[in-house]
Amino acid sequence: SQPLAPSPVEAPLRDLTWGQINFLHTTDTHGWHAGHLQEPSYSADWGDYMSFSTRMREKAEANGQDLLVIDTGDRIEGNGLYDASDPKGKYTFDIIKQQHIDLICTGNHELYKRNSSENEYNINVPNFSSSYLASNLDIMHPETGEQIPLAPRFKKFTTRKQGIRITAFGFIYDFTGNENNTVVQPVEDTVKETWFQEAIWDREVDLFLVIGHVPVRSPEFLELYQAIRKVQWDTPIQFFGGHTHIRDYKKYDAKSFALESGRFMETIGFQSIDGLSTSTKTVQTSAAPKFSRTYIDNNMFSFHRHTQLNATTFPTEHGQNVSKEIRAAREHLQLDTTYGCAEQNLWMFRAEYPSNSSIFTWLEQRVLPDVIADKNRMNKSRLAMVNTGGIRFDIFKGPFTRDSTYIVSPFTSGFRYVKDVPYDKASKLLTILNNNGEVIQNMEPSLQSWMLAPVEQRSSSAHVFTQKVTVPPNEDLQRPLLSEHDLTPGYTTKDDAGSDGDDTLHAPIASYRVPNVIQSQIDPPLQSGDPETIDVVYIDFIQPWVLLAFQFLDLDYSIDDTAVYMEGETLTTLLAKWVTANWKDNC
Ligand SMILES: Nc1nc2c(ncn2[C@@H]2O[C@H](COP(=O)(O)O)[C@@H](O)[C@H]2O)c(=O)[nH]1
Ligand SMILES: [Zn+2]
Ligand SMILES: [Zn+2]
């Protein structure tokens, strides 16, 4: 039977500030719709969230206020509930669609593969028909091949209770790693489109609502802010962003704010706005509305507190049914099948790299040397490279299950290699891919600028593959009332509105930067010293950059010089095999 979600630790909570209009926001859920079974702070599931949004809407409407539910993409890839089924998403589309969502858009993960984007077009868009927006995203129609908008470009509507006239848009950042059956229009081009200009010129608007799979601090949201402000100098603008997996809040001006609500169903973002004009009420333009944000830990303790309900009065039947559906799906997928017993916690960001607590050190020093072994190249030394962004979550001491495998490594990436590369050059690859070191100096200027740019902003031919570094949860400026040792570790977010955004007071968690890529050198037994030549093995996702890095080293390899390494294996399958072989004692 499935482990019961751990009951959340009771902790001091900050109350919400309600307004005329209130929003609940999820982003980058990445299949975590069953919640976090090993982390009490985030143990609510999508069914619980459905009950929460229903009760919050009831509470708002009882006070004559409105409540809208928003999701900004990356709903797939990152948890067994999505990744373990065949076809992927067999259960999650039906689960997600049962939540009433008022505005929804697409993330980059929905665009990496043809079937993912076609699932959006064929399943999610119809499921959320009037709520799905695609302001800068087209798809090649799955049957006709014609290029069409994935969903409507924008939407004008008036809220039920307050009569607030809203124009809403749904964007994705200038993503270039999408499969060629979709087209992402750069935001700077979208703002020049006639339809966009006509939509923002409308004077009968009390609030512009821009949702997007876009970081709140990004050239794309700045572009949209400036374009709207150019023609509507004082109409309030509310942004909802995502993609960088952090809690953040950006102030563009006194009447324009942007909220980003974390990742993996750890956070339910809450935003309220009070003092807006409506279809029946005009407010003084000099008076700025009051914006208020809260990051809600996704657990039942928070949900009960914010709805002022309890274990008896809070649940809705629909929400409880979806929770049952989630448990049944997990059972069917056998996600709690244990592969082994993790000897210790292994952290992505909470531990320095390298260190014995770093998941990346574990991968580099223990796993890759054991598993990167193609039967046809066993007598050859090899460099094995994996992007840190391919590892998606921490490992907790205790049962490592089928679900854990997909949580840590959800992608279908296999390995490829270039054989017999001169070692003196191959040994410089890692430095180039990690954008540091003296190697860059002797490159031609154009390539230097590419390398010296932060990986996040590199040229479009190399979309970001780096591991986003979460904004280190800074120390709370106002020390919590309780001493830290009374508080459980968790988010302590500092943003443009200060450091009181988290609904739950936590002790801070350290966060460290990690490189783009890690590497192991694996030599055949009895080999002494470095080889003349070496096989360069890498996870296939980073092939574009590996080939570019070879060019920096004056090695003119092309895709024709690459080949599959360990046919049929992926990082996910290799990880499962290693755990089964090395962590097999009972937990
Ligand atoms: N090894 C692989 N890494 C991948 C793959 N697809 C994506 N990624 C990594 O995810 C981030 C983007 O994630 P997001 O949730 O922040 O949008 C990307 O930069 C890569 O690091 C893959 O197939 N294999
Ligand atoms: Zn994401
Ligand atoms: Zn993303």
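Reckoned from all heavy atoms, side chains included, excluding hydrogens, waters and symmetry mates.
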Checklist entry - Closest heavy-atom contact between Gln99 and Trp46? => result CB-NE1, 3.4 Å
Next on the checklist: Within the 4.5 Å heavy-atom criterion, are Val183 and Met140 side-chain neighbours or not?
Outcome noted: yes
Item to check | Test item: Leu150 and Val125 side chains (from C-beta on) under 4.5 Å apart, heavy atoms | outcome: yes
Item to check | Flag, side chain of Asn298 to backbone of Met265, donor-acceptor distance under 3.5 Å | outcome: yes
Next on the checklist: Just verifying a value: how many Å separate Glu110 CD and Ile172 CD1, rounded to the nearest 0.5 Å?
Outcome noted: 8.0 Å
Checklist entry - Under a 4.5 Å cut-off applied to non-hydrogen side-chain atoms, are Leu24 and Phe52 in contact? => result yes
Checklist entry - Thr307 and Met56: side-chain contact (heavy atoms from CB on, under 4.5 Å), yes or no, with the steps? => result CA-CA 6 Å; Thr307 55; Met56 292 284 278; 3.9 Å; yes
Checklist entry - Can you tell if the side chain of Trp32 reaches within under 4.5 Å of the side chain of Ile407, non-hydrogen atoms only? => result yes
Next on the checklist: Using only atom types and a distance under 3.5 Å, with no angle test, would you say the side chain of Thr244 pairs donor to acceptor with the backbone of Pro215?
Outcome noted: no
Next on the checklist: Taking Ser41's backbone N and O only, do any of them form a donor-acceptor pair with Asn299's side chain (distance below 3.5 Å, no angle check)?
Outcome noted: yes
Item to check | Side chain Arg327, main chain Val322, donor-acceptor under 3.5 Å | outcome: no
Checklist entry - Is the shortest side-chain N to carboxylate O distance from Asp297 to Arg247 below 4.0 Å? => result yes
Next on the checklist: Between Lys155 and Leu133 (side chain of the first, backbone of the second, donor and acceptor by atom type, cut-off under 3.5 Å), is there such a pair?
Outcome noted: no
Next on the checklist: Looking only at side-chain N and O atoms, does Ser404 offer a donor or acceptor that is under 3.5 Å from a partner on Thr401?
Outcome noted: yes
Checklist entry - Are any non-hydrogen side-chain atoms of Ser413 and Leu571 less than 4.5 angstrom apart? => result no
Checklist entry - Are Asp83 and Lys88 within salt-bridge range, i.e. N to O under 4.0 Å? => result yes
Checklist entry - Can you tell me if CD on Glu567 sees more than 12 non-hydrogen neighbours from other groups inside 6.0 Å? => result no
Next on the checklist: One pair to check against side-chain contact (heavy atoms from CB on, under 4.5 Å): Leu209 and Phe23. What are the steps and the verdict?
Outcome noted: CA-CA 11 Å; Leu209 191 44; Phe23 302 87; 3.8 Å; yes
Next on the checklist: For Thr27 and Asp74: C-alpha separation, side-chain torsions, deciding distance, then whether side-chain contact (heavy atoms from CB on, under 4.5 Å) applies.
Outcome noted: CA-CA 7 Å; Thr27 191; Asp74 270 13; 5.9 Å; no
Checklist entry - Can you name the one residue among His245, Arg75, Glu77 that meets side chain to side chain donor-acceptor pair (under 3.5 Å) with His30? => result His245
Checklist entry - Got more than 12 heavy atoms from elsewhere within 6.0 Å of CG, Asn356? => result no
Next on the checklist: With rounding to the nearest 0.5 angstrom, report the OH to OH distance, Tyr121 to Tyr132.
Outcome noted: 12.5 Å
Checklist entry - Can a donor-acceptor pair be found between the side chains of Gln365 and Thr361 at a distance below 3.5 Å? => result no
Item to check | Euclidean distance, Ile70 CD1 relative to Ser131 OG, rounded to 0.5 Å | outcome: 9.5 Å
Item to check | For the student: nearest non-hydrogen atoms of His213 and Gly107, plus distance | outcome: CG-CA, 3.4 Å
Item to check | Contact check, side chains of Ile391 and Val408, non-hydrogen atoms, under 4.5 Å | outcome: yes
Checklist outcome for this item: Exactly one of Arg377, Lys419, Arg416 clears salt bridge (Lys or Arg N to Asp or Glu O under 4.0 Å) with Asp535, and that residue is Arg377
Checklist entry - If only atom types and distance count, is the side chain of Asp561 paired as donor or acceptor with the main-chain N or O of Ser558 below 3.5 Å? => result yes
Item to check | Pair His318-Gln98, side-chain donor/acceptor within less than 3.5 Å | outcome: yes
Checklist entry - Under 3.5 Å, is there a donor-acceptor pair between the side chain of Lys397 and the main chain of Ala342? => result no
Item to check | Geometric class of the Phe411/His109 ring pair [parallel <30°, tilted 30-60°, perpendicular >60°] | outcome: parallel
Checklist entry - Is the backbone of Val184 close enough, under 3.5 Å, to the side chain of Asn136 for a donor and an acceptor to pair up by distance? => result no
Next on the checklist: So does Pro87 get a backbone contact from the side chain of Ser85, meaning a donor-acceptor N/O pair under 3.5 Å?
Outcome noted: yes
Item to check | Any side-chain heavy-atom pair of Glu260 and Tyr295 under 4.5 Å | outcome: no
Next on the checklist: Can you confirm whether the side chains of Glu179 and Ser117 place a donor and an acceptor under 3.5 Å from each other?
Outcome noted: no
Item to check | Positive for ring-ring contact (aromatic ring centres under 6.0 Å, His included) with Trp362, one of Trp347, Trp578, Phe400, Tyr353 | outcome: Trp578
Checklist entry - Met378 versus Pro524: any side-chain heavy-atom pair under 4.5 Å? => result no
Checklist entry - What closest approach, in Å, do Tyr42 and Glu266 show between heavy atoms, and which atom pair accounts for it? => result CD2-O, 3.1 Å
Item to check | Distance (rounded to the nearest 0.5 Å) between Ile76 CD1 and Asp28 CG | outcome: 11.5 Å
Next on the checklist: Students often mix this up, so state it plainly: with edges at 30° and 60°, are the rings of Phe541 and Trp545 parallel, tilted or perpendicular?
Outcome noted: tilted
Item to check | ring-ring contact (aromatic ring centres under 6.0 Å, His included) partner of Tyr565, chosen from Tyr417, Tyr538, Phe415 | outcome: Tyr417
Checklist entry - How long is the gap from CD1 on Ile96 to CZ on Phe128, to the nearest 0.5 Å? => result 7.0 Å
Checklist outcome for this item: Taking every heavy atom of Thr92 against every heavy atom of Leu81, the minimum-distance pair comes out as CG2-O, 3.5 Å
Checklist outcome for this item: Val69 and Leu67 have their tightest heavy-atom pair at CG2-CD2, 4.1 Å
Checklist entry - What do you reckon, is CD of Gln147 surrounded by more than 12 foreign heavy atoms closer than 6.0 Å? => result yes
Checklist entry - Taking the inter-plane angle between the rings of Tyr49 and Phe303 on a 0 to 90° scale, is it parallel (under 30°), tilted (30 to 60°) or perpendicular (over 60°)? => result tilted
Next on the checklist: Could you check, using the six-membered ring where one of them is a Trp, whether Tyr112 and Phe175 have ring centers closer than 6.0 angstrom?
Outcome noted: yes
Next on the checklist: According to side-chain contact (heavy atoms from CB on, under 4.5 Å), who are the partners of His100, at least two apart in sequence or on a separate chain?
Outcome noted: Arg57, Asp102
Checklist entry - Is the backbone of Pro515 close enough, under 3.5 Å, to the side chain of Thr388 for a donor and an acceptor to pair up by distance? => result yes
Next on the checklist: For a quick test of reading the model, state the closest non-hydrogen atom pair linking Phe314 to Asp48 and the distance between them.
Outcome noted: CZ-O, 3.8 Å
Next on the checklist: Do Thr572 and Thr405 pair up side chain to side chain, a donor and an acceptor below 3.5 Å, judged on atom types alone?
Outcome noted: no
Checklist entry - Once you round to the nearest 0.5 Å, how far does NE2 of His33 lie from OG1 of Thr26? => result 7.0 Å
Next on the checklist: Please evaluate residues Val421 and Phe550 with respect to the criterion side-chain contact (heavy atoms from CB on, under 4.5 Å), reporting the C-alpha separation (whole Å), side-chain torsions for both, the decisive distance (0.1 Å), and the verdict.
Outcome noted: CA-CA 10 Å; Val421 178; Phe550 276 133; 3.9 Å; yes
